[in-house]
Amino acid sequence: MANFRWRKILVYLDGLGGAWAGNNYSEATVPEDLQLVSDLLDEIRAGWCVNNSRIYATGLSIDDGFVNTIACAPVGANFAAFAAGSGSFLLQR
Ligand SMILES: *[C@@H]1O[C@H](CO)[C@@H](O)[C@H](O)[C@H]1NC(C)=O
Ligand SMILES: *[C@@H]1O[C@H](CO)[C@@H](O)[C@H](O)[C@H]1NC(C)=O
């Protein structure tokens, strides 16, 4: 069995138009961006061997605002933990 201990998959995304849903200048809605996260998880799991107990999300500023949105949505159950970094905790739109 392969040793996965030190292997990591890092995924960096930009929100549509450079901003995540939730702020007043985003191009996507919160449901659309949450669906993107769900689709991305499916794609990563289909392509790589992933330990589902070690999936994390973090972001900075507006990105972290969306991490907070993920954490409070059903798709958040896919993550082991979230790390907030200077989040701008946005209203859901
Ligand atoms: C977004 O909200 C900020 C803070 O209230 C405001 O300054 C800005 O003009 C708004 N932008 C848009 C595109 O509505
Ligand atoms: C998956 O992660 C959990 C939590 O860290 C760990 O207990 C478990 O051993 C890991 N499984 C594998 C196959 O590495």
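As the structure lists them, so they are numbered: ligands from 1, and atoms in each ligand from 1.
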Listed pairs under 3.5 Å, donor-acceptor, residues 34-44 side chains, sequence neighbours left out:
unit_1	atom_1	unit_2	atom_2	d
Gln35	NE2	Asp39	OD1	2.8

Item to complete: Treating Ile, Leu, Val, Met, Phe, Trp and Tyr as nodes and any side-chain heavy-atom pair under 4.5 angstrom as an edge, say whether Phe82 and Val11 lie in one connected cluster.
Response: yes
(Q) Between ligand 2 and Arg54, is the shortest N or O to N or O distance under 3.5 Å? (A) yes
Exercise for review: Taking the side chain as every heavy atom from C-beta outward, state whether Ile70 and Trp20 have any atom pair closer than 4.5 Å.
Suggested key: no
Asp64 meets the side chain to side chain donor-acceptor pair (under 3.5 Å) criterion, sequence neighbours left out, with none
Ligand 2 to Ser53, heavy atom cutoff 4.0 Å, flagged ligand atoms 2 (O), 3 (C), 4 (C)
Judged by heavy atoms only, the candidate from Ile55, Asn52, Asn51 nearest atom 3 (C) of ligand 2 is Asn51
